[in-house]
Structures are given as structure tokens and as C-alpha cells.
Amino acid sequence: MSRLAKALFHLRNLNKPRISYLETHLCDHCNLNCKSCTHFCPLVTEPTFTDLEQYMQDIRTLSKKLAIRTIRLMGGEPLLHPKVNDFMRVTREAYPHSRIFIVTNGLLLLKMSNDFWETLRQCHIRIHWSKYPPLKDKFAEIEQRIKDAHIPYYDGDASVFLNFSAFGSDESTDPQEAFKACHDGCTNLYRGKLYTCPACYVFRANNYFHANHEVPEGWDIYQYSGKELQSFLNKPIPFCRYCHYVVHPKSFPWEVSKRKAEEWM
Ligand SMILES: C[S@@+](CC[C@H](N)C(=O)[O-])C[C@H]1O[C@@H](n2cnc3c(N)ncnc32)[C@H](O)[C@@H]1O
């Protein structure tokens, strides 16, 4: 980008409504499947990849409406997507000034091709590595691989998990209180819509357990203006009344999901 183009881009961006955070799925399935996963990934029984063309349209449309401080590409396990490099490139093109992370459990990091590491470098994308107990013996090797590639990274201890209570029948949480406890929120972009949090994937639990739990409302990014989208995301949703998770967190040592409904209650 020339200096003039950069300056114009910056000016246009200054006037755009801003949200602090966005996360999005490259695929819905996972190769680890944690108990009480906040994205309900263990309940995704078929490989489910996000379509690159649809994502390109979505992220470009969004970039015309909203500025975003931090974007996290995840899933499911994002490194399972054969077009992971394209997703990274498209995201960086749409959001040249945002902080972008790829969030991974690291299981595949040692097998990734040079192209992957090169794309991270060229696109200034950082790694968020969630460190799970089963990989303990590989921690040092994985860390060395990331360092050798000179990619900035954040490693998060994932040995303790929280019970995500979005599939229960207890509606006693004060939505305002739950929303406040969520800090910057966890806005999710999924198939052309923005959602306040990953509870939007509760539809996976409905499918898996043949249930009919309420599903949070999503806002169509093609229909609404940036201001409207920002305003929807800046307040609690009725679904927050199920979310004891953030107000009274209950933790447990990480384990693999047994795909029992109680994990999300
Ligand atoms: C849903 S995962 C998807 C990305 C990738 N597969 C990974 O494991 O990093 C995104 C993040 O959410 C965290 N997470 C998911 N469910 C959680 C829970 N119930 N308690 C705490 N952290 C959770 C994971 O540890 C990870 O850091």
C-alpha cells in the first residue's frame, strides 16, 4: 500500500464503528475435543469446514462496516483446514491493522509446511497456542518450532477448564451481570452473522442430543450497518441468563469430552 492509500485507509477506519474483538471458525470439528468446550466442538460429528469463498465475502463485508482491534482465527482446530493459509491472507487483507491470531491446540504444529510459517510471517499473524496436558511431552519441541520460525506467540495454560453452562435449564443469572463479567465479549462471526458469544454453537448440542434449547440471536452482517451491529454487540442478550459460567466459574482439570449433556450444564 502506498503512503497515501495507507493514510486514506486509516482515515476511513477512524470513522468506522469499532469492536474490540472477533473470533471465527475455520472449521467446527476438532482433533482434541475438550470436555465442556465453549464452542461445542466435540458434538460436531462430521468434518465441517468453513467455505473460503463465503468467508472472503463475509470478512470483506465486515471490514467495510466495522473496525476490529483483535481477530482470532480458530474453530474447532483451525490447522485442520487445508486452506488455512488462504484464510490468514484474506483476513490480513481485509484488516491490515488488526492484531490477528491463529488459535491452535498445537497438535499439528510440528507437521505444518513451510508455506504455513511463511504465511504467518508475511501476514504478521501471531499464534495463540493452548497448551493441553496430552501434549506435555511435546511442549518443548513445539515451542522451539515456533521460536525457530520467529513467530510471536502467546501460550495459554489449558490444563484447567471451566464448566460452560449454556445448555442447562437454570435461567437465574442476571444477564447484565453475566455480560459485564465477559469483559470485551467474544463476538463470533459465523456464516454471515455476528453473535455475542460462542453460545451460538448451542445448536450443535440441540442436534446431538435431539434437544430444543434456545439459540442466541445472530445479526446479519449484510443487512445491518456497522453502527447497528456495534450496538447489538454492546449489550447483553436474553441468552446471558443461562451463563453462570462467567459469574460463578467452576473449574475442573482438563479432560477429553465424553459427549454427555451434563458437560454443558
Ligand atoms: C474452542 S478452542 C478452539 C481453538 C483450538 N482448537 C484450541 O484448542 O486452542 C479456543 C480456546 O477456547 C478455550 N476453551 C474452550 N472451552 C473452554 C472451557 N470450557 N474452559 C476454558 N477454556 C476453554 C480453549 O482452551 C482454547 O484456548
Side-chain angles (χ1 to χ4, degrees), residues 21-44 47-50 70-81 84 87-88 91 99-112 116 120 125-136 138-139 142-143 146 151 153-168 178 181-190 195-205 242-265:
Y21 180 85
L22 179 92
E23 60 189 33
T24 193
H25 277 196
L26 270 52
C27 51
D28 294 350
H29 58 294
C30 192
N31 50 2
L32 194 56
N33 295 309
C34 310
K35 177 178 176 180
S36 199
C37 170
T38 49
H39 291 238
F40 295 92
C41 300
L43 308 179
V44 182
T48 312
F49 295 103
T50 299
T70 302
I71 300 175
R72 297 204 313 159
L73 304 174
M74 56 162 82
E77 173 49 42
L79 303 194
L80 289 169
H81 203 303
V84 55
F87 278 86
M88 294 199 285
T91 310
R99 283 183 348 146
I100 304 179
F101 290 86
I102 186 127
V103 185
T104 175
N105 58 31
L107 255 74
L108 294 172
L109 269 180
L110 295 175
K111 295 189 180 142
M112 297 310 284
F116 169 76
L120 284 169
I125 293 182
R126 310 163 197 206
I127 291 180
H128 173 126
W129 172 28
S130 318
K131 292 170 85 174
Y132 296 99
L135 253 81
K136 216 165 171 229
K138 294 265 182 207
F139 281 172
I142 294 172
E143 190 162 12
I146 303 174
I151 304 300
Y153 70 101
Y154 165 84
D155 54 345
D157 174 29
S159 63
V160 175
F161 253 47
L162 297 173
N163 176 243
F164 185 45
S165 58
F167 191 57
C182 266
H183 311 292
D184 284 345
C186 275
T187 301
N188 268 256
L189 168 67
Y190 189 70
Y195 295 87
T196 306
C197 83
C200 60
Y201 306 110
V202 79
F203 79 91
R204 293 282 176 202
Y242 293 106
C243 206
H244 322 299
Y245 156 79
V246 283
V247 183
H248 304 294
K250 268 194 247 159
S251 61
F252 60 89
W254 178 90
E255 59 180 282
V256 169
S257 173
K258 296 188 177 70
R259 300 186 170 91
K260 300 265 186 229
E262 303 87 80
E263 293 176 24
W264 291 276
M265 287 179 176

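Just so you know, ligand 1 is whichever comes first in the structure, and atom 1 is the first atom listed for that ligand. These numbers were taken from a predicted model, which means no experiment stands behind them.
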Contact between ligand 1 and [X] is defined here as a heavy atom of the residue under 4.0 Å from a ligand atom; is it met?
| X | result |
| --- | --- |
| Gly76 | yes |
| Cys34 | no |
| Gly156 | no |

Run the salt bridge (charged side-chain N to carboxylate O under 4.0 Å, His left out) test on Lys35 and Glu263 for me, step by step, so that the C-alpha distance in whole Å, both residues' side-chain angles and the decisive distance to 0.1 Å come before the verdict.
CA-CA 6 Å; Lys35 177 178 176 180; Glu263 293 176 24; over 6 Å; no
Is the ring pair [X]/[Y] parallel, tilted or perpendicular, if the boundaries are 30 and 60 degrees?
| X | Y | answer |
| --- | --- | --- |
| Phe49 | His81 | perpendicular |
| Tyr201 | His25 | parallel |
| Tyr154 | His128 | tilted |

Could you tell me which atoms of ligand 1, counted from 1 in the order shown, lie closer than 4.0 angstrom to a heavy atom of Gly75?
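Checking each atom against Gly75, I get 1 (C), 3 (C).
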Which atoms from ligand 1 have a heavy atom of Ser130 less than 4.0 Å away?
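The list of qualifying atoms is 7 (C), 8 (O), 9 (O), 26 (C), 27 (O).
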Taking the side chain from [X] and the backbone from [Y], do they hold a donor-acceptor pair closer than 3.5 Å?
| X | Y | result |
| --- | --- | --- |
| Thr24 | Leu189 | yes |
| Ser36 | Phe164 | yes |
| Glu77 | Leu32 | no |
| Arg204 | Cys41 | no |

Among all protein heavy atoms in this structure, tell me which lies nearest to [atom], with the distance rounded to 0.1 Å.
| atom | result |
| --- | --- |
| atom 18 (C) of ligand 1 | Phe161 CD2, 3.2 Å |
| atom 21 (C) of ligand 1 | Leu162 N, 3.8 Å |
| atom 24 (C) of ligand 1 | Tyr132 OH, 3.1 Å |
| atom 15 (C) of ligand 1 | Thr38 OG1, 3.2 Å |
| atom 10 (C) of ligand 1 | Met74 SD, 3.9 Å |

Looking only at N/O atoms, are [X] and ligand 1 under 3.5 Å apart anywhere?
| X | value |
| --- | --- |
| His39 | no |
| Asn163 | no |
| Lys35 | no |

Decide whether Ser165 and Asn163 meet the rule of one side-chain donor and one side-chain acceptor closer than 3.5 Å.
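Absent: no donor and acceptor within the cut-off.
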What's the shortest heavy-atom distance between Thr50 and Phe87, and which atoms?
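Scanning both residues, the minimum pair turns out to be O-CZ, 3.4 Å.
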For Lys138, does the NZ atom have more than 12 heavy-atom neighbours from other residues, nucleotides or ligands under 6.0 Å away?
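Incorrect, the count does not exceed 12.
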With a heavy-atom distance limit of 4.0 Å, tell me whether [X] approaches ligand 1 through its side chain, its backbone, both, or neither.
| X | result |
| --- | --- |
| Trp129 | neither |
| Leu32 | neither |
| Glu77 | both |

Within the protein, is there a heavy atom lying under 4.0 Å from atom 26 (C) of ligand 1?
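Yes, there is one.
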